[in-house]
Structure formats: structure tokens, C-alpha cells
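Here the structure is laid out as C-alpha cells; the discussion comes afterwards.
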Amino acid sequence: QVKLVESGGGSEQTGGTLRLSCEGYGYTINDYCLGWFRQIPGKEREAVGTIDKDGTRTYAEFVKGRSTISKDTAKNTLYLQIDSLNAEDAATYYCAIAFGGYDFCDVKRLFPKVIDWGQGTQVTVSS
């Protein structure tokens, strides 16, 4: 059974650092376009960052400069780090995977190409 399994998140502090992991089962993640999304209650799911097969990254404006998306092919795991957390970072975060993906592997175009999602991990941010 193919799936993406997320870990990390939970309760974080303002100004702190969020670290999320997403391990692929049945997928060789380096063969795909990968992304992180978030969803705030009452709002649409939105892309946080993407990384393509060659390691090219894109980031949403709201995390640009304080976020790093990376992958470890030996561990078949995707990572997201967000520094300088603020209250607006509180959301449920999802990792995502899409076939191929140079043309659309960016925060503006990935969403409709996603073929599978992680289970979601809730992140709260408090002072």
C-alpha cells in the first residue's frame, strides 16, 4: 500500500521552529514532485513549498526567507522547517506527491496535480 506518513508538529511556541517529516511508503520520493501544504479552518488548502526531482525549491510568500524544504533520498523522507513561527502559521500541514513535475512543481501550480496526501498534522502556535 502506498502512502505518505507525516510526523512532527503539535504545539509550538511563537518564535520557535517547526520541523515536519513525511516518509514515503511504496513511493520512491525522488521520482516525484513533492510539496507541503497547509489548511487553516474555513480556508482553502494552500501550498507552503515544493521541491522537484532535481532539488529545485519554491516557497509561498508567507514563509519565504524563513522556511526550508528538503528531502533525504536514503531515508525516502521529505522535510519542512519553518523558523520564526507566528500565530498565522497555525494550521494542519499536509505533505503531497505528484507524478513527474518540472513544469508544474511550484507553489502556484502543484495543487491540481497532487495524487496523494499525507494524513495531516496539526500545528498550534502559542506565546
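This one's a predicted model, so the numbers in the text were calculated from it and none came from an experiment.
Taking CG of Asp83 as the reference point, atom OG1 of Thr68 lies at 6.5 Å (rounded to 0.5 Å). Ile82 contributes atom CD1, which lies 7.0 Å from atom CG of Leu20 (distance to the nearest 0.5 angstrom). Taken from CZ in Arg66 to CG in Leu18, the straight-line distance is 10.0 Å, to the nearest 0.5 Å. Note that CG of Asp54 and SG of Cys33 are 11.5 Å apart. Values are rounded to the nearest 0.5 Å. Rounding to the nearest 0.5 Å gives a distance of 5.0 Å between CD1 of Ile51 and NZ of Lys71. Rounded to the nearest 0.5 Å, atoms CG (Asn30) and NZ (Lys53) are 9.0 Å apart.
Remark: side-chain polar atoms of Thr92 are not paired, donor with acceptor, to backbone N or O of Gly120 under 3.5 angstrom. Formation of a donor-acceptor pair under 3.5 Å by the Glu6 side chain with backbone atoms of Cys95 is found in this model. At least one donor-acceptor pair closer than 3.5 Å links the side chain of Asn76 to the backbone N or O of Gly24. Judged by distance alone, the side chain of Asp116 and the main-chain N or O of Ala98 form no donor-acceptor pair under 3.5 Å. Judged by distance alone, the side chain of Asp72 and the main-chain N or O of Ala74 form a donor-acceptor pair under 3.5 Å. Judged by distance alone, with hydrogens and angles left aside, the side-chain atoms of Gln39 form a donor-acceptor pair with the main-chain N or O of Lys43 at under 3.5 Å. Although no hydrogens or angles enter the test, the distance criterion places no donor-acceptor pair under 3.5 Å between the side chain of Lys113 and the main chain of Ile97. In terms of modelled atom types and a separation under 3.5 Å, the side chain of Thr50 and the main chain of Cys105 share a donor-acceptor contact.
Under the 4.5 Å side-chain contact rule for hydrophobic residues, Leu4 and Ile115 share a cluster. By the criterion of side-chain heavy atoms lying less than 4.5 angstrom apart, applied directly or through intervening Ile, Leu, Val, Met, Phe, Trp or Tyr residues, Phe62 is grouped together with Ile69 in one hydrophobic cluster.
Across all their heavy atoms, Val63 and Val48 have their closest contact at CG2-O, 3.6 Å. The heavy-atom pair separating Pro112 from Arg109 by the smallest distance is CD-O, 3.5 Å. Closest approach of Val2 and Gly26 over heavy atoms only: CG1-O, 3.5 Å.
Looking at residues two or more places apart in sequence or on another chain, you find no salt bridge (Lys or Arg N to Asp or Glu O under 4.0 Å) involving Arg19. Every residue two or more places apart in sequence or in another chain that forms a side chain to side chain contact (heavy atoms under 4.5 Å, CB included) with Val125 is listed here: Thr14, Leu85, Asp89, Ala90, Val123. Partners of Glu61 under the salt bridge (Lys or Arg N to Asp or Glu O under 4.0 Å) rule, at least two apart in sequence or in another chain, are Lys64. In this structure Ser7 satisfies the side chain to side chain contact (heavy atoms under 4.5 Å, CB included) test together with Ser21, sequence neighbours excluded. Contacts of Arg38 classified as side chain to side chain donor-acceptor pair (under 3.5 Å), with partners at least two apart in sequence or in another chain: Glu46. For Lys75, there are no salt bridge (Lys or Arg N to Asp or Glu O under 4.0 Å) partners, not counting sequence neighbours.
Listed by first and then second residue, the disulfide (SG to SG under 2.5 Å) pairs involving residues 58-91 amount to none (not counting sequence neighbours). Among residues at least two apart or in separate chains, there is no salt bridge (Lys or Arg N to Asp or Glu O under 4.0 Å) pair with a member in residues 117-127. The stretch residues 118-127 participates, sequence neighbours left out, in no side chain to side chain donor-acceptor pair (under 3.5 Å) pair at all. Pairs engaging residues 17-37 under the ring-ring contact (aromatic ring centres under 6.0 Å, His included) rule: Tyr27-Tyr32, Tyr32-Phe99, Phe37-Phe111, Phe37-Trp117 [sequence neighbours left out]. Screening residues 70-94 for ring-ring contact (aromatic ring centres under 6.0 Å, His included) gives no qualifying pairs among residues at least two apart or on separate chains.
Grouped by direct or indirect side-chain proximity (heavy atoms under 4.5 Å, Ile/Leu/Val/Met/Phe/Trp/Tyr only), Val107 sits alone.
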